[in-house]
There are 2 protein chains.
Amino acid sequence: MHLDALPHQNQRDTASVTLKDIAAHAGVSRSTVSLVLRESPLVAEQTRLKVQHSIKALGYVYNRGAAALRGSRTSTLGVVVYDIANPFFGAMVAGIDAALNREGYVSFLANSEDSPARQQRFLERMREHSVDGILLCPAEGTDPGLIDTLDNWGMACVQVLRHVAEPPFDYAGANFHQGVCQAMDHLVRLGHQRIAFLGGHSEHSATRERWQGYRESLEHHQLTYQRLLRSTVTRRDGVDMITQLMAESPAPTAVVCHNDMVAFGAMLGLKRLGLVPGVDCAVIGTDDVEEASLSEPSLTSIATHPYAIGEEAARLALRRIANPEGAREQVVLAPRLQIRDSCGAARPTSDSTLPNRAAGTHA
Amino acid sequence: MHLDALPHQNQRDTASVTLKDIAAHAGVSRSTVSLVLRESPLVAEQTRLKVQHSIKALGYVYNRGAAALRGSRTSTLGVVVYDIANPFFGAMVAGIDAALNREGYVSFLANSEDSPARQQRFLERMREHSVDGILLCPAEGTDPGLIDTLDNWGMACVQVLRHVAEPPFDYAGANFHQGVCQAMDHLVRLGHQRIAFLGGHSEHSATRERWQGYRESLEHHQLTYQRLLRSTVTRRDGVDMITQLMAESPAPTAVVCHNDMVAFGAMLGLKRLGLVPGVDCAVIGTDDVEEASLSEPSLTSIATHPYAIGEEAARLALRRIANPEGAREQVVLAPRLQIRDSCGAARPTSDSTLPNRAAGTHA
DNA sequence: GCTAACTTTTAGATCAATCTAAAAACAACT
DNA sequence: AGTTGTTTTTAGATTGATCTAAAAGTTAGC
């Protein structure tokens, strides 16, 4: 056999098998093969088997790109988060992944680092790739008009964790308001009168909901001590804020924190002041990241179920893609207070993880 | 105006603007518009401006899917990691993202959860989406033949952090061997004689390199105490292993850990035993995750620079895509021992983060 | 004015699928 | 045999870009 039978073909070493090749091999038309691939009931059983055999024999690989060009779906979703390095988002992305995978979808991930400009670039790029929809955790300072813009682009958009647009929108997140109230109730039940709230960056829904929960709870329990410290939400912020608070007089006897990172920082700050978290000052975090059960003392935390939020968000997006005109939905997961040692129960080395699980959903 | 002028058109409300539309608007051919889009020097300045104006005027969106069908690139990369919920991978993905973004690339992310079967499914799905290449952190138990298979698929593949194939392959990771040696040297310098190594799952390169570093270092320093405990690599494993070790006689005076999670667990275990990390037993971790500087005591750790590894891996993949036949490369970043309080310096509340930074690269 | 040598522009094929509308095959009735 | 009605199959147009090879337009040289 002559090696140079096809002179200029060395580029195409990975000559890909197409519908045409299968059609030829099976002795049918391209159209029939296409129908078989899409599991159409139109094609006769016998033909179906014959074609499927050829598909295997030739090692065919479905070309989603080509299919997307003619059809209307790309089976692709864009996911934009603002801090992928945070373990909370790791778990959330894992949940998204799981839900999408079940439906044959695949996701583009982008990290806006809380910059609206980066976020904008990513959204445009995803549009060029014609994703079917977007899961958006809006960056700090996102223009509320963005959601309408995406809608005009004909792109299904589900806001996650935070929302910036006016009411009729798709959203998946946790009920932060309720979570903070649960934490406050628990602290009041333990006899605390001076409870501070630590952290929260600025004006998006996730922060507003927490603060509102804090203020309403104070009012509900008729507590007069009120101390709400704004900050970014890192460990270091936790250290700084608790240090400042404990120098005040009167100092709080308990703090509820914007997230677990701030709470870990607060506990560290207390220790550096020679105080014992859970004894000298109760600490409650938010999110219940894995580490919460393994700190010293173990951290009481408002569990927000990131994996479940990711799953719900992805499912909602798939629903919206299937039915673009359907009514907008808000999936808000009920948080659950995971009680451990940092809020006063103070049983040093016991594993106080409760076995029961409850995650309510309501539209 | 009659609303039903176009009877069955209500589906196409998002009638997309194409090259043809721009061509008509600007009074040139589709080919010319295509050339303008790709910034070809062939087209005359005047025409270029005219076309660019039309592009803006009509709000054109480049359709990468269509371009990919005819051209050979999709500007798309697949990334497969085994534990996205781990903060190390969060940082790594952020680095990948940054490097890809500079080149107009976008990435699919998938989480294998260390399951070869899930990994396989993801790779097949990415193939259907015709990604230009893959960044693969191989799952535990990956068949070494997989890399060849990917090669046969004509897909650029860069292994990251771990590698499973036979020598000529593309790889980006850290020099774990060197990192462990640095940690051992430091401990020996501080006078430690009984040093244990904690954790490592099984038979892939990342674990083998660490263990080999440990063994060679023992030999080099002529230490006779040798204790290497296998385990998965979570906090809980750290707690369990240190508890077991401290009950032995003689107990070690220092431990080097597979990663920071194990190290945090080891410190927690020591505290639960009433011992002080850094005083009763030195602890060194690997990775230098953000939390390391904010634990009590702060953790000495072998910094492996996940963000930089991500960037390097992505750049290497882009190089391979541009030149598929080029020589395979290994980018191995030099780790740096970040010395803090958990290995004996024991200055309780000081911030001992060193200001100098050094990250060497060698092929 | 004519040819040669550029510089620009373009028509039409192509990529790999889907979709539409019609043709072919087959069975079931008068 | 002819009509009708299903069930299967298919040809050919279509999607939105790129690519090739050729055409059209410019400029220069003699």
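Naming: A, B, ... by sequence-line order, numbering from 1 per chain. It should be emphasised that the depicted structure is a prediction, and the values quoted were computed from it without experimental measurement.
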Let me confirm one number: the CG-CZ distance from Asn111(B) to Phe89(B), rounded to the nearest 0.5 Å.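 Reported to 0.5 Å precision, the distance equals 9.0 Å.
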Arg118(B) CZ to Asp97(A) CG distance, which is reported to the nearest 0.5 Å: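 Between Arg118(B) CZ and Asp97(A) CG, I get 6.0 Å after rounding to 0.5 Å.
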In this structure, are over 12 heavy atoms from other groups packed under 6.0 Å from Glu45(B) atom CD?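 Atom CD in Glu45(B) is crowded, with more than 12 foreign heavy atoms closer than 6.0 Å.
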On the nucleotide dT18(D), are OP1 or OP2 found under 4.0 Å from the side-chain N or O atoms that Arg38(B) carries?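 Answer yes for this pair, as a side-chain N or O of Arg38(B) is under 4.0 Å from OP1 or OP2.
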Taking only side-chain nitrogens and oxygens of Ser29(A), does any of them come within less than 4.0 Å of OP1 or OP2 of dT10(D)?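 Ser29(A) to dT10(D) OP1/OP2: side-chain N or O found under 4.0 Å.
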Quick one: [X] [atom1] to [N] [atom2], roughly how many Å, whole number?
{"X": "Glu128(B)", "N": "dA17(C)", "atom1": "CD", "atom2": "P", "result": "10 Å"}
{"X": "Ile22(A)", "N": "dA16(C)", "atom1": "CD1", "atom2": "P", "result": "12 Å"}
{"X": "Leu42(B)", "N": "dT18(D)", "atom1": "CG", "atom2": "P", "result": "14 Å"}
{"X": "Leu19(A)", "N": "dC15(C)", "atom1": "CG", "atom2": "C1'", "result": "12 Å"}
{"X": "Arg73(B)", "N": "dC19(D)", "atom1": "CZ", "atom2": "P", "result": "11 Å"}
{"X": "Leu35(A)", "N": "dT10(D)", "atom1": "CG", "atom2": "P", "result": "10 Å"}
{"X": "Arg64(B)", "N": "dC15(C)", "atom1": "CZ", "atom2": "C1'", "result": "18 Å"}
{"X": "Gln46(B)", "N": "dT7(C)", "atom1": "CD", "atom2": "C1'", "result": "14 Å"}

Is it true that Arg102(A) and Glu311(A) make a salt bridge, defined as a side-chain N closer than 4.0 Å to a carboxylate O?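 Here Arg102(A) pairs with Glu311(A) in a salt bridge, since their nearest N and O are under 4.0 Å apart.
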Which nucleotide in the set [options] lies at the smallest distance from any side-chain heavy atom of [X]?
{"X": "Val43(A)", "options": "dT9(C), dT9(D), dT18(D)", "result": "dT9(D)"}
{"X": "Thr32(B)", "options": "dC19(C), dT10(C), dG16(D)", "result": "dT10(C)"}
{"X": "Asn63(A)", "options": "dA17(D), dT9(D), dA17(C)", "result": "dA17(C)"}
{"X": "Ala67(B)", "options": "dT18(C), dT9(C), dA17(D)", "result": "dA17(D)"}
{"X": "Ser16(B)", "options": "dT18(C), dT8(D), dG16(D)", "result": "dG16(D)"}

For DNA chain C, whose closest nucleotide is more 5', that of Thr47(B) or that of Arg70(B)?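 Checking each residue's closest nucleotide, the 5'-ward one belongs to Thr47(B).
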How are the rings of His163(A) and Tyr171(A) set to each other: parallel, tilted or perpendicular (split at 30° and 60°)?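 Rings of His163(A) and Tyr171(A): perpendicular, as their planes differ by over 60°.
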What about Arg30(B), does its side chain sit under 3.5 Å from the base of dT18(D) through a donor-acceptor pair?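 Answer yes: a donor N or O sits under 3.5 Å from an acceptor.
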DNA chain D: 5'-proximal contact among Ser31(B) and Leu69(B) (nearest heavy atom):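 Per heavy-atom nearest nucleotide, the more 5' residue is Leu69(B).
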